[in-house]
Amino acid sequence: LLDKTRLTEEFGYRPWSTTVDLHARQIRAIEPDTFDELHAALRSLDLHSNRISSLSAFTFSNLSRLEILNLSENALQTPPLPATIFGDLANLRELSLSANRLSVLDPAIFNRTVRLSVLDLSQNRFGPSLASTLFRALGTTLRQLDLHTNQLTSLHPDTLTGLTALEELRLDSNQLSSLQPGIFRDLGRLRRLDLSRNKLRSLEDAVFGGLTSLDWLSLAENELSGTLGGSGLFAGLGRLTMLSLAGNRLTGLHPDTLALPPPVVVYLDELDLSNNRLTFLHPAIFARLRHVSRLSLANNSFAYVNPADLV
């Protein structure tokens with residue numbers, strides 16, 4: 001049990017401490033008033049790699065100057081964390097709840113963390129979806145959102161609504177089987193999107209609509225099959241430099257999938273089509289891809305590839 005006495009006498013922290021590092025201390029529980037005397041100075045609190053299974057609504061009360069909170073690699077689980085647990089953390093900028101056992105969060109849990117820019121919810125048990133309003137209060141500040149290695153099978157159409165500052169989104173290693181067109185409509189600043197290792201079977205035209213700043217996109221190791229796409233699939237991704245479709249079941253690409261009108265996809269530098277079932281690629285696919293320096297076609301079913309078709 002971590003309490004005020006242990007915090008000061010055993011670990012040596014004082015009211016003027018700005019950083020508290022208590023990672024890997026075998027802590028199982030925390031008294032609600034443990035950090036009260038640090039409220040005026042504390043800016044970083046690291047509690048990762050302990051055995052904490054639950055937290056009081058008052059554990060972080062009055063820590064209004066706290067900017068970084070790491071709760072990763074603990075045993076936090078359902079029932080949900082109290083809705084007001086982060087209510088006093090108005091200056092919080094980075095929060096990690098990674099590698100716990102959480103399956104649900106109260107929709108209002110981030111309502112007062114209005115300066116949060118980095119949020120890590122990876123390696124939990126969230127699913128089959130997330131509340132549509134979970135991130136609503138973070139629209140103008142959240143830049144990195146990590147949801148990899150959960151149990152998400154779908155995304156509510158409004159879960160990502162309003163996240164206009166988001167630059168990096170990890171959804172890899174979930175169980176997503178489809179994406180609704182418009183799901184990314186507000187993510188005009190997003191630069192990196194990882195959808196690898198899901199169960200996507202098909203992609204609708206304009207599903208990536210709104211991603212005008214995207215430069216890195218991975219769709220690797222999904223269940224995409226047959227002939228992929230047409231002229232609308234990657235329309236608007238004019239800044240894309242890396243695209244991975246590796247590890248799917250594709251037998252072909254529509255001739256217009258990547259051969260789009262300028263300036264769309266003309267700056268693609270890396271294209272990974274390895275580990276599919278491709279037997280033929282139409283020369284028109286590469287017609288406008290003058291900047292590709294890394295192209296992988298390994299482990300497909302080509303009988304012959306004419307080098308002239310790739311230049």
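Checking each of D120, N74, I109, L81 against L97 for a side-chain contact (heavy atoms from CB on, under 4.5 Å) leaves exactly one that passes, namely L81. With respect to L119, the side-chain contact (heavy atoms from CB on, under 4.5 Å) criterion is satisfied by exactly one of D146, T113, L92, L138: L138.
Remark: E73 CD to R51 CZ distance equals 13.0 Å, nearest 0.5 Å. Here the CG-CG distance, from L169 to L160, works out to 6.0 Å after rounding to the nearest 0.5 Å. We find the OG-CD distance between S117 and E167 to be 9.5 Å, quoted to the nearest 0.5 Å. Separation of atoms CD (E37) and NZ (K4) is listed at 4.5 Å; rounding is to 0.5 Å. Rounded to the nearest 0.5 Å, atoms CG (L240) and CD (E270) are 10.5 Å apart. Once rounded to the nearest 0.5 Å, the distance linking CG of L152 with OG of S173 reads 11.5 Å.
Ion pairing of R197 with D172 is present here, as a side-chain N (NZ or NE/NH1/NH2) and a carboxylate O approach within less than 4.0 Å. Salt bridge present: D269 and R294 bring a charged side-chain N and a carboxylate O closer than 4.0 Å. Checked for salt-bridge contact, K199 and E223 miss the test: no charged N lies under 4.0 Å from a carboxylate O.
By the rule that hydrophobic residues join a cluster once side-chain heavy atoms approach within less than 4.5 Å of another member, M242 and F208 end up as members of separate clusters. Linking Ile, Leu, Val, Met, Phe, Trp and Tyr whenever their side-chain heavy atoms come within less than 4.5 Å leaves L203 and W216 in two separate clusters. Note on L89: it does not cluster hydrophobically with I68, by side-chain heavy-atom contacts below 4.5 Å among ILVMFWY residues. The same ILVMFWY cluster, assembled from side-chain heavy atoms under 4.5 Å apart, contains both F60 and I27. F58 and F110 are not part of a single hydrophobic cluster, where members link through side-chain heavy atoms under 4.5 Å apart.
Here the side chains of L219 and L200 are in contact, with some heavy-atom distance below 4.5 Å. In this structure, the side chains of L63 and D36 stay at 4.5 Å or more apart for every pair of heavy atoms. By the 4.5 Å heavy-atom criterion applied to side chains, L142 and V118 are not counted as neighbours. For the pair L2/L22, a side-chain contact is recorded, criterion being any heavy-atom separation below 4.5 Å from C-beta on. Two residues are said to be in side-chain contact when any heavy atoms from C-beta on lie closer than 4.5 Å; S53 and Q77 meet this criterion. Two residues are said to be in side-chain contact when any heavy atoms from C-beta on lie closer than 4.5 Å; L278 and L250 meet this criterion. You'll find the side chain of L38 stays beyond 4.5 Å of the side chain of P15, heavy atoms only. Two residues are said to be in side-chain contact when any heavy atoms from C-beta on lie closer than 4.5 Å; H23 and L47 fail this criterion.
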Exercise for review: Check step by step if side-chain contact (heavy atoms from CB on, under 4.5 Å) holds for R185 and T161.
Suggested key: CA-CA 8 Å; R185 62 187 178 276; T161 296; 2.9 Å; yes
**Study point:** Check against side-chain contact (heavy atoms from CB on, under 4.5 Å), I52 and L76
**Key:** CA-CA 6 Å; I52 303 166; L76 296 172; 4.0 Å; yes
Practice item. Report the C-alpha separation of D46 and R25 in whole Å, then their side-chain angles, then the decisive distance to 0.1 Å, and conclude whether the salt bridge (Lys or Arg N to Asp or Glu O under 4.0 Å) test is met. Key: CA-CA 11 Å; D46 189 347; R25 298 285 187 165; over 6 Å; no
Practice item. Evaluate the criterion side-chain contact (heavy atoms from CB on, under 4.5 Å) for residue pair L166 and T164; output intermediate values, then yes/no. Key: CA-CA 6 Å; L166 200 63; T164 55; over 6 Å; no
Exercise for review: Give the C-alpha distance, both sets of side-chain angles, the deciding distance and a yes or no for side-chain contact (heavy atoms from CB on, under 4.5 Å) between L237 and L217.
Suggested key: CA-CA 10 Å; L237 304 187; L217 173 60; 4.3 Å; yes
Practice item. Determine, stepwise, if the pair S122 / S98 fulfils side chain to side chain donor-acceptor pair (under 3.5 Å). Key: CA-CA 5 Å; S122 65; S98 176; 2.9 Å; yes
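Residue Q151 places its CD atom among more than 12 non-hydrogen atoms of other residues, nucleotides or ligands, all under 6.0 Å distant. Annotation for R136: atom CZ counts as buried by contact number, over 12 foreign heavy atoms lying within 6.0 Å. At most 12 heavy atoms of other shown residues, nucleotides or ligands fall within 6.0 angstrom of atom CZ in R191. Heavy-atom neighbours of R112 CZ from other residues, nucleotides or ligands within 6.0 Å: at or below the threshold of 12.
Without hydrogens or angle criteria, S132 side chain to D158 main chain gives no donor-acceptor distance under 3.5 Å. No side-chain donor-acceptor contact under 3.5 Å links N248 to the backbone of N275. A donor-acceptor pair under 3.5 Å is absent between the side-chain atoms of T34 and the main chain of I30, judged by distance alone. In this structure, the side chain of N198 engages the main chain of L176 through a donor-acceptor pair within 3.5 Å. D272 places no side-chain N or O within 3.5 Å of a backbone atom of S244 that could act as its donor or acceptor partner. Using a distance-only test at 3.5 Å, with no hydrogens or angles considered, no donor-acceptor pair links the side chain of N124 to the main chain of F126. With hydrogens and angles ignored, the 3.5 Å screen pairs a side-chain donor or acceptor of R14 with a backbone N or O of T8. Between the side chain of N174 and the backbone N or O of L147, at least one donor-acceptor pair lies under 3.5 Å. Here the side chain of Y13 pairs a donor or acceptor atom with the backbone of D21 at under 3.5 angstrom. Proximity of a side-chain donor or acceptor of N276 to a complementary backbone N or O of L245 within less than 3.5 Å is detected.
The two residues L163 and L187 make their nearest non-hydrogen contact at O-CD2, 3.3 Å. Looking at every heavy atom in both residues, F184 comes nearest to L195 through CZ-CD1, 4.4 Å. Here the closest non-hydrogen pair linking S56 and P82 is C-CG, 4.1 Å. Across every non-hydrogen atom of F35 and T59, the tightest pair is CD1-O, 3.6 Å. Summarising the geometry of G229 relative to H254, their closest heavy-atom pair is O-CB, 2.6 Å, with the distance given to 0.1 Å. The shortest heavy-atom contact between D106 and P80 is N-CB, 4.4 Å.
When only modelled atom types and interatomic distance are considered, S218 and R192 share no side-chain donor-acceptor pair under 3.5 Å. Counting only N and O atoms by type, the side chains of N91 and R65 include no donor and acceptor under 3.5 Å apart. Inspection of the S103 and T78 side chains reveals an N or O donor paired with an N or O acceptor under 3.5 Å. A donor-acceptor pair shorter than 3.5 Å cannot be found between the side chains of R249 and S225. Using modelled atom types and a 3.5 Å distance limit, the side chains of D3 and T5 yield no donor-acceptor pair. Under 3.5 Å, the side chains of T279 and S301 contain no donor-acceptor pair of N or O atoms.
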